[in-house]
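First comes the structure, then the notes that go with it.
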Amino acid sequence: MSPVSRRITCPTLATKVTSATEAASYINDGDRVGMSGFTGAGYPKAVPAALAERAKDAHDRGEDFGIDLWTGASTAPELDGVLAEARAVRRRLPFQSDPTLREAINTGETEYVDTHLSHSAQQAWFGFYGQLNVAVIEVAAILPNGLLVPGSSVGNNKTWLQLADKVILEVNDWHPRAYEGFHDIYYGTKLPPERRPLQLTDPLQRIGDPYLRVDPEKVVAVVHTDAPDRNLPFKPADEQSKAMASHVVDFLRYEIDQGRLPKNLLPLQSGIGNVANAVMAELAHSEFEDLLAYTEVIQDGMLDLIDTGKLTAVSATSFSLSAERAEQFNARAEEYKGRILLRTQEVSNHPEAIRRLGVISINGMVEADIYGNVNSTHVMGSSIINGIGGSGDFARNAYLNFFVSGSMAKGGAISSIVPFASHIDHTEHDTQILVTEQGLADLRGLSPAARARTIIRNCAHPDYQDLLQDYFDRAVAANARGQHTPHLLGEALSWHGNYQRTGSMKP
């Protein structure tokens with residue numbers, strides 16, 4: 001039996017197996033195209049490249065060719081990269097991380113709609129983005145009855161399959177066939193005013209189906225592939241990351257001592273990056289047992305925590321593993337069944353579930369100002385890095401939220417603690433705890449002025465501490481009737497201006 005017939009066993013859909021080039025021909029200039037993919041996992045591997053060639057050919061003939069591209073989150077060079085290089089992306093949402101696409105966004109060539117990840121599916125259902133013309137979805141297998149076995153991510157796949165006029169499926173042999181049973185696809189979504197409560201009270205509770213559904217009449221092409229996800233290596237935790245992880249874990253111990261957390265904590269969520277992995281490593285060597293996770297993404301550190309037995313179970317919407325760890329997981333996938341559950345991102349990031357479960361959220365930031373406003377997306381206020389992703393979903397609704405960053409960047413030319421954030425993704429009202437390698441600032445229950453003193457004292461680098469304190473003191477002195485959140489408006493963003501003029505925030 002050929003690889004194609006082993007993975008594509010629905011008689012109807014097996015007749016639609018074709019090349020990536022033929023499949024890409026169903027996508028037209030101006031189409032809105034929803035593709036699978038979340039943090040470099042589960043994205044289509046063949047059709048985007050064929051579509052990019054089609055766009056290049058059109059441009060060579062002097063014709064327009066571009067699409068609106070919707071996904072779950074970031075994808076990979078084989079999707080975002082090739083399409084951006086071919087100048088084939090007119091508008092992108094809701095999250096991206098590809099350097100070529102980022103350049104197109106920051107030069108104005110591509111429009112970018114930066115959206116909370118819990119919002120993108122529902123806003124598509126509301127019709128805010130227009131009609132979805134084509135869905136291109138990667139799966140691990142097509143069953144005889146036409147049901148689809150999802151792969152390494154779920155993201156918005158369920159919604160794209162439901163909303164699209166036409167569907168293209170990529171069946172990827174690289175995904176372990178053992179993925180069947182790893183997923184929980186919730187089909188209870190309703191539009192206002194028909195919405196119902198999300199009946200989820202435990203991170204590993206199943207409220208949906210193990211499979212994705214598709215109307216076979218909408219499927220215009222099925223493409224067979226065998227290619228790995230974009231599995232990037234993670235750097236070993238450096239001393240700065242280890243220091244921040246230690247601050248976080250010590251604070252969790254303090255919260256247990258104060259009676260505000262149980263001994264096995266509450267469900268964990270961590271964003272992508274070395275600090276998140278360092279926190280998981282710190283927990284692996286700690287006294288904590290019977291941990292749970294309710295998060296977006298499973299990284300190496302969280303998988304390691306499962307292997308140690310410290311982490312009982314994790315609910316997410318995607319993997320984001322190093323190549324080595326992905327290979328190990330694929331070989332042992334059956335062993336993780338029952339301990340890992342992959343959901344749609346509208347459930348993994350659902351504010352109702354996050355708040356009910358009492359999640360502990362840990363996410364990165366670019367900078368924070370002295371009052372606790374956090375910028376997690378932009379450099380110098382104007383240039384997008386990736387997007388807000390799911391950090392807002394979790395920060396606003398978590399029981400505890402941490403924002404972490406090194407206190408300085410660019411060899412000390414940039415301070416991550418500034419008088420006023422150059423772009424605000426998370427207001428001071430949504431920020432509880434800031435962490436740098438210098439220390440931790442617990443902002444809960446503090447007035448703005450008390451927040452400023454705490455952040456400057458605990459989180460700012462010594463090279464910038466006196467400068468921040470001087471700014472705050474002069475702002476207090478200059479605002480007789482503005483003592484609640486005192487600022488020097490003509491100077492609030494001067495540090496960013498200094499950097500743009502001189503290459504350093506220091507005056």
Side-chain angles (χ1 to χ4, degrees), residues 238-248 250-251 254 275 363-376 378-382 402-507:
D238 56 20
E239 293 307 310
Q240 188 178 80
S241 297
K242 290 178 181 177
M244 286 185 271
S246 180
H247 293 323
V248 170
D250 282 346
F251 186 79
Y254 171 77
V275 176
N363 288 285
M365 63 180 181
V366 175
E367 64 184 3
D369 65 32
I370 58 175
Y371 296 113
N373 298 296
V374 169
N375 167 20
S376 62
H378 284 71
V379 175
M380 296 294 135
S382 298
F402 298 82
F403 283 102
V404 300
S405 173
S407 63
M408 295 196 305
K410 300 291 184 182
I414 292 176
S415 172
S416 68
I417 307 300
V418 293
F420 197 28
S422 61
H423 177 92
I424 296 174
D425 297 290
H426 314 279
T427 70
E428 59 184 288
H429 314 96
D430 299 330
T431 307
Q432 294 180 346
I433 301 156
L434 297 183
V435 184
T436 70
E437 82 285 357
Q438 299 297 322
L440 179 148
D442 181 1
L443 308 179
R444 296 171 299 171
L446 299 185
S447 68
R451 282 170 168 248
R453 289 189 288 268
T454 302
I455 292 169
I456 294 169
R457 180 177 64 249
N458 293 345
C459 293
H461 192 278
D463 288 0
Y464 286 93
Q465 219 165 32
D466 290 345
L467 293 170
L468 288 164
Q469 189 63 52
D470 175 67
Y471 172 86
F472 175 69
D473 291 342
R474 288 186 292 112
V476 170
N479 286 276
R481 295 181 60 81
Q483 291 294 301
H484 180 64
T485 311
H487 265 303
L488 301 171
L489 293 183
E491 195 179 320
L493 293 173
S494 64
W495 288 28
H496 300 85
N498 289 342
Y499 179 79
Q500 290 183 321
R501 286 191 304 273
T502 70
S504 174
M505 282 189 169
K506 294 176 182 177

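All values reported here derive from a predicted model rather than from experimental measurement.
In this structure a side-chain-to-backbone donor-acceptor pair under 3.5 Å is missing from Asp369 to Phe420. A distance-only check finds a donor-acceptor pair linking the side chain of Tyr371 to the backbone of Pro486 [under 3.5 Å]. With hydrogens and angles ignored, the 3.5 Å screen pairs no side-chain donor or acceptor of Asn498 with any backbone N or O of Ser504.
The heavy-atom pair separating Ser376 from Gly364 by the smallest distance is CB-O, 3.9 Å. When every heavy atom of Phe403 is checked against every heavy atom of Thr431, the shortest pair comes out as CD1-CG2, 4.0 Å. The nearest pair of heavy atoms linking Pro448 to Glu428 is CG-OE1, 3.9 Å. Annotation for Thr436 and Asn458: closest pair OG1-O, 4.5 Å, computed over non-hydrogen atoms.
How far CG of Leu443 is from OG1 of Thr454: 6.5 Å, rounded to the nearest 0.5 Å. Note: Gln438 CD to Met408 CE = 8.0 Å, rounded to the nearest 0.5 Å. Here the OG atom belonging to Ser382 is positioned 10.0 Å from the NE2 atom belonging to His423, to the nearest 0.5 angstrom. Atoms CG and OG, on Leu468 and Ser415 in that order, are 5.5 Å from each other to the nearest 0.5 Å. The distance from atom NE2 of His247 to atom CZ of Phe402, rounded to the nearest 0.5 Å, is 12.0 Å. Here the CG-CD distance, from Leu446 to Gln432, works out to 11.5 Å after rounding to the nearest 0.5 Å.
Residues passing the side chain to side chain donor-acceptor pair (under 3.5 Å) test with Gln240: none are found, sequence neighbours excluded. Residues passing the side chain to side chain donor-acceptor pair (under 3.5 Å) test with Ser241, sequence neighbours excluded: Asp238. Residues satisfying the side chain to side chain contact (heavy atoms under 4.5 Å, CB included) test with Gln465, not counting sequence neighbours, are Ile456, Ala460. In this structure, the side chain to side chain contact (heavy atoms under 4.5 Å, CB included) partners of Ala368, at least two apart in sequence or on a different chain, are Met365, Val374, Ile417, Leu434. Scored by the side chain to side chain contact (heavy atoms under 4.5 Å, CB included) test, Ala478 finds Leu488 as partners (sequence neighbours excluded). For Arg444, the salt bridge (Lys or Arg N to Asp or Glu O under 4.0 Å) test picks out Glu255, Asp442, with sequence neighbours left out. Asp466 pairs by the side chain to side chain contact (heavy atoms under 4.5 Å, CB included) definition with nothing, not counting sequence neighbours. Residues passing the side chain to side chain donor-acceptor pair (under 3.5 Å) test with Asp473, sequence neighbours excluded: Gln469. In terms of the salt bridge (Lys or Arg N to Asp or Glu O under 4.0 Å) criterion, residue partners of Lys506 (sequence neighbours excluded) are, by chain and number, Asp463. For Asn479, there are no side chain to side chain donor-acceptor pair (under 3.5 Å) partners two or more places apart in sequence or in a different chain.
Looking at heavy atoms from C-beta onward, Cys459 lies out of side-chain contact with Leu440 at the 4.5 angstrom threshold. Looking at heavy atoms from C-beta onward, His461 lies out of side-chain contact with Ser416 at the 4.5 angstrom threshold.
For residues 488-507, the pairs satisfying ring-ring contact (aromatic ring centres under 6.0 Å, His included) are Tyr464-Trp495, with sequence neighbours left out. Applying the side-chain hydrogen bond (donor to acceptor under 3.5 Å, both in side chains) test to every pair with at least one member in residues 483-492, sequence neighbours left out, gives these pairs: Tyr471-His487, Arg474-Glu491.
Side-chain contact annotation: Ser422 with His378, donor-acceptor N/O pair under 3.5 Å absent. Side-chain polar atoms of Ser407 and Glu437 form a donor-acceptor pair below 3.5 angstrom.
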